[in-house]
Chemist: 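Sharing a structure with you now.
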Amino acid sequence: MTQKPARVIIINPNSTVAMTDAMVTAARTAVPELTFEGWTSHKGPPAIQGGADGALAEPPLLELVQKAAQQGVGGIVIGCFDDTALARAATLAACPVIGIGQAAYHYAALRGWRFSVVTTLAVSVPILERNIHALGLQGCLGRVRASDVPVLALHEDQVEAERRIVEEARIAAREDAIDALILGCAGMVNVTSAVRAAVSLPVIDPAITAAASMKWLIP
């Protein structure tokens, strides 16, 4: 009997469906061995930009994690680079629960790469720095850089958003003495190819990295 592919739920803690759809499309393309399904937290804020948005997103996100756990899914991905409520979410399910930021940082560290992060707004920088320190990976970090691109602009004005992100990526590659670059927002999945074309370093897309990690985490 052919075994049915494991079901993985990608939960977007914000209420922007386009971002959920982009992550799921990328995951299905990169990891066809698994079955990916996207859930959008319609009670969450439209975007998570800083601690206040993260706090608003936590309760409805955890409700969705609980729902997925009750359905017996194979794995859960928290589709926000801030790894919103990740520690609490992991206690609610028996299956692997990972954050896209967590996956990207560990992938770079396992390769022995020193990395910088290009994220959206400056308000997110302290959160990401704290997350990296909490994982004990501060020794791998070059710098967390803000591109000054609002999260929603990644879908509403992709051309300008891409230009700014590429510009910041080039600066990081030139100035940070790094081996790899991590894109620091789930919504950047649509600009990954442009950044890879612009710099000679490995460019890590967090949503795809988290999806690929599930191949090894699901029993």
Side-chain angles (χ1 to χ4, degrees), residues 9-20 22-24 26-27 38-65 68 76-92 96-109 115-138 140-141 143-155 161 165 168 181-192 204-211 213:
I9 307 299
I10 300 176
I11 303 178
N12 178 9
N14 73 47
S15 60
T16 301
V17 175
M19 196 174 300
T20 310
M23 285 190 285
V24 172
W39 290 5
T40 302
S41 181
H42 296 288
K43 297 178 183 177
I48 298 176
Q49 300 177 138
D53 287 334
L56 287 173
E58 283 196 18
L61 166 63
L62 293 172
E63 289 180 12
L64 291 176
V65 171
I76 298 170
V77 174
I78 306 300
C80 175
F81 196 77
D82 288 9
D83 291 338
T84 307
L86 178 59
R88 292 181 63 193
T91 68
L92 299 177
V97 181
I98 64 174
I100 64 171
Q102 176 193 43
Y105 303 141
H106 279 296
Y107 177 78
F115 62 84
S116 282
V117 178
V118 174
T119 190
T120 50
L121 300 179
V123 69
S124 296
V125 171
I127 295 169
L128 304 185
E129 290 175 339
R130 284 198 298 270
N131 288 349
I132 292 165
H133 279 250
L135 293 170
L137 298 178
Q138 62 270 25
C140 301
L141 177 63
R143 181 175 169 184
V144 179
R145 292 176 167 272
S147 61
D148 295 325
V149 174
V151 171
L152 295 181
L154 290 161
H155 294 273
I165 293 163
E168 197 64 35
L181 187 71
I182 296 175
L183 297 178
C185 179
M188 290 184 183
V189 68
N190 289 327
V191 304
T192 302
I204 300 170
D205 180 283
I208 293 174
T209 303
S213 298

Chemist: Can you tell me how far apart CE (M19) and SG (C185) are? Round to the nearest 0.5 Å.
Modeler: 5.0 Å

Chemist: What's the separation between atom CE in M188 and atom CG in D205, rounded to the nearest 0.5 Å?
Modeler: 10.0 Å

Chemist: Taking all heavy atoms of T40 and all of N14, pick out the closest pair and write down the distance.
Modeler: CG2-O, 3.4 Å

Chemist: Within the 4.5 Å heavy-atom criterion, are Q138 and E129 side-chain neighbours or not?
Modeler: no

Chemist: Which heavy-atom pair separates I100 from P206 by the least distance, and what is that distance?
Modeler: O-CB, 3.4 Å

Chemist: Examine distances only and state if a side-chain atom of Q102 and a backbone atom of G99 form a donor-acceptor pair shorter than 3.5 Å.
Modeler: yes

Chemist: Go through it in stages, so that I can follow the logic: the residues are I165 and L154, the test is side-chain contact (heavy atoms from CB on, under 4.5 Å), and I'd like the CA-CA distance, side-chain angles, deciding distance and then a yes or no.
Modeler: CA-CA 10 Å; I165 293 163; L154 290 161; 3.5 Å; yes

Chemist: Look only at the side chain of D83 and the backbone of L86, and say whether a donor-acceptor pair between them is shorter than 3.5 Å.
Modeler: no

Chemist: For V97, which of I11, V77, I76, T91 qualifies under side chain to side chain contact (heavy atoms under 4.5 Å, CB included)?
Modeler: I76

Chemist: Out of I127, L62, I48, L56, which one pairs with T84 under the side chain to side chain contact (heavy atoms under 4.5 Å, CB included) rule?
Modeler: I48

Chemist: Compare every heavy atom of A186 with every heavy atom of G79, then report the nearest pair and how far apart it is.
Modeler: O-CB, 3.5 Å

Chemist: Please check: side-chain N/O of S15 versus main-chain N/O of H42, any donor-acceptor pairing under 3.5 Å?
Modeler: no

Chemist: The test is side-chain contact (heavy atoms from CB on, under 4.5 Å); show your working for Y105 and V117 and say whether it passes.
Modeler: CA-CA 9 Å; Y105 303 141; V117 178; 4.0 Å; yes

Chemist: Taking the ring of F115 and the ring of Y107, is the distance between their centroids below 6.0 Å?
Modeler: no

Chemist: Between S213 (side chain only) and A103 (backbone N and O only), is there a donor and an acceptor less than 3.5 Å apart?
Modeler: no

Chemist: Would you say that V125 contacts R145 through its side chain, given a criterion of any heavy-atom pair below 4.5 Å between the two side chains?
Modeler: no

Chemist: Answer whether the closest heavy-atom distance between the side chains of L152 and P46 falls below 4.5 Å.
Modeler: yes

Chemist: Do you know which two heavy atoms are closest between N190 and H155, and how far apart they sit?
Modeler: ND2-CE1, 3.6 Å

Chemist: So, for T20 and N12, which heavy atoms are closest and what is the spacing to 0.1 Å?
Modeler: OG1-ND2, 2.9 Å

Chemist: To the nearest 0.5 Å, what is the distance between CG (L61) and CZ (R88)?
Modeler: 9.5 Å

Chemist: Which of these passes side chain to side chain contact (heavy atoms under 4.5 Å, CB included) with L183: T209, T192, I204?
Modeler: T192

Chemist: Mind checking the NE2-CD1 spacing from H106 to I98? Nearest 0.5 Å is all I need.
Modeler: 10.0 Å

Chemist: What's the spacing between R130 CZ and D82 CG if we round to 0.5 Å?
Modeler: 9.5 Å

Chemist: A27 and A211: which non-hydrogen atoms are nearest, and at how many Å?
Modeler: CB-CB, 3.7 Å

Chemist: Determine, step by step, whether V151 and L121 satisfy the side-chain contact (heavy atoms from CB on, under 4.5 Å) criterion, reporting the C-alpha distance in whole Å, the side-chain angles of both residues, the deciding distance to 0.1 Å, and the verdict.
Modeler: CA-CA 8 Å; V151 171; L121 300 179; over 6 Å; no

Chemist: Could you go through V118 and I182, starting from their C-alpha distance and side-chain angles, then the distance that decides it, and tell me whether this counts as side-chain contact (heavy atoms from CB on, under 4.5 Å)?
Modeler: CA-CA 6 Å; V118 174; I182 296 175; over 6 Å; no

Chemist: Given 3.5 Å as the limit, does a donor-acceptor pair link the side chain of S147 with the main chain of T119, or not?
Modeler: yes

